[in-house]
There are 2 protein chains.
Amino acid sequence: MPLKMRHNKAPKPPEPCMLTECMSVISGAWAPNVIWCLRAGPRRFSELRADIPPISAKVLSTRLSELEGRGVLVRHVRDTSPPSTEYELTDLGTELLPALDAIVHVGHRLKERQAERS
Amino acid sequence: MPLKMRHNKAPKPPEPCMLTECMSVISGAWAPNVIWCLRAGPRRFSELRADIPPISAKVLSTRLSELEGRGVLVRHVRDTSPPSTEYELTDLGTELLPALDAIVHVGHRLKERQAERS
DNA sequence: CCGTATCCACAGTGATACTG
DNA sequence: CAGTATCACTGTGGATACGG
């Protein structure tokens, strides 16, 4: 049986934790990718899997569920003969796109700069 | 390049992996906080520890080292009688600030919206 | 004051297989 | 097609103690 060594838990949530909490809207493996792949409009489960080859069904499912719970995207179930589901960014989810783009842009330039130095 | 290439896994790194790689500039616990705390100018090790109470010395040290390696910040060692070190954002590191701010802003509004629904 | 060293619990991920 | 169930593994972070 696992021995629980409970120590002091942060009694007060200071500002840094607030930032961390807000950043968690894009937390989890492939979360930014999922958001990014929805930038052009609604997309189905299997399409997202194809968009992001390395992702497993389990992780994609988990991530979509989390992002839906956070209000970043919405799920539309179409009750057709072959079951079909569509995921779409909400208005606030869409607002994350420029931010992700900015980070990626800086990331590119950092890599270029590192390549120069080597 | 005389070195042999490895073919163990992913035959070619598709676009989604590129995005993930770029996003990794802000990866690691408290990394966004560290960047954020440097927004107003240089800051010392112990100051950063005080800014972000829950962070441990080990993690702060690791994170600063990683961020320096990525070119996000620079380290200045002052050889004074009490040893002193200052960390400062580079120009590219500074460019991350608006992006972090945007994400945090959306995060806030997502939380507000969730509060309304409950 | 500014870190590094060591240990370890655990969340998170990935692979595989299975179901409605 | 669109997911869940199970399980094994490992990176990461936290605590603590020590060193330059």
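Excluded from the calculations below are hydrogen atoms, water molecules and symmetry mates; all remaining heavy atoms, backbone and side chain alike, are included. Each chain gets a letter, A, B and so on, in the order the sequences are listed, and its residues count up from 1. Values in this document were obtained by computation on a predicted structure and should not be read as measured data.
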- prompt: Between A:L64 and B:S27, which is nearer to the 5' end of DNA chain D once each is assigned its nearest nucleotide?
  reply: A:L64
field: Distance in angstrom units between B:L48 CG and C:dG3 P, rounded
entry: 10 Å
- line: note: A:R49, atom CZ; D:dT4, atom P; distance rounded to Å ~ 13 Å
task: Rounded off to whole Å, could you give me the CG-to-P distance for the B:L60 and D:dT12 pair?
output: 17 Å
field: Side-chain N or O of B:S84 closer than 4.0 Å to phosphate OP1/OP2 of C:dC1
entry: no
message: Tell me whether the side-chain N/O atoms of A:S46 come closer than 4.0 Å to OP1 or OP2 in D:dA2.
response: yes
task: Find the distance B:E86:CD to C:dC2:P and express it as a whole number of Å.
output: 10 Å
- prompt: Looking at C:dC1, D:dG13, D:dT4, which one has an atom nearest to any side-chain atom of B:V59?
  reply: D:dG13
- prompt: Are B:K111 and A:E21 within salt-bridge range, i.e. N to O under 4.0 Å?
  reply: yes
- prompt: Within less than 4.0 Å of OP1 or OP2 of D:dG3, is there a side-chain N or O belonging to A:T85?
  reply: yes
- request: Compare side-chain N and O positions of B:R75 against OP1 and OP2 of C:dG3 and report whether any pair is under 4.0 Å apart.
  value: yes
task: When you get a sec, tell me which of C:dG3, D:dG3, C:dG14 is the closest nucleotide to the side chain of B:S61?
output: C:dG3
message: Strictly below 4.0 Å: does A:W30 bring a side-chain N or O up to OP1 or OP2 of C:dG14?
response: yes
message: Just verifying a value: how many Å separate B:S84 OG and B:H76 NE2, rounded to the nearest 0.5 Å?
response: 11.0 Å
message: So, does B:R63 get its side chain near the phosphate of D:dG13, meaning an N or O under 4.0 Å from OP1 or OP2?
response: yes
- prompt: Do A:D51 and A:W36 come close enough that some side-chain heavy atom pair is under 4.5 Å?
  reply: no
query: Is any N or O donor-acceptor pair between the side chain of B:K58 and the base of C:dG3 shorter than 3.5 Å?
result: no
field: Gap between atoms CG and C1', on A:D79 and D:dG3 respectively (whole Å)
entry: 15 Å
Whole angstrom value for the distance that separates P of D:dG14 from CD1 of B:I55: 8 Å
task: May I have the distance from B:E68 (atom CD) to C:dG3 (atom P), rounded to whole angstrom?
output: 10 Å
- line: To the nearest angstrom, the CG-P distance between B:L67 and C:dG3 comes to 14 Å
message: How long is the straight-line distance from CG of B:L73 back to CG of B:L92, given to the nearest 0.5 Å?
response: 12.0 Å
message: Of the listed nucleotides (D:dA2, D:dG20, C:dG3), which one gets closest to any side-chain atom of A:R44?
response: D:dA2
query: When you check the phosphate oxygens OP1 and OP2 of C:dC2, does a side-chain N or O of B:Y87 lie under 4.0 Å from one of them?
result: no
Presence of salt bridge, A:E95 and B:R109, under 4.0 angstrom: yes
task: Indicate yes or no: does B:R63 engage B:E66 in a salt bridge with an N to O separation below 4.0 Å.
output: yes
message: Quick check on DNA chain D: between A:T62 and A:P82, whose nearest nucleotide comes earlier from the 5' end?
response: A:P82
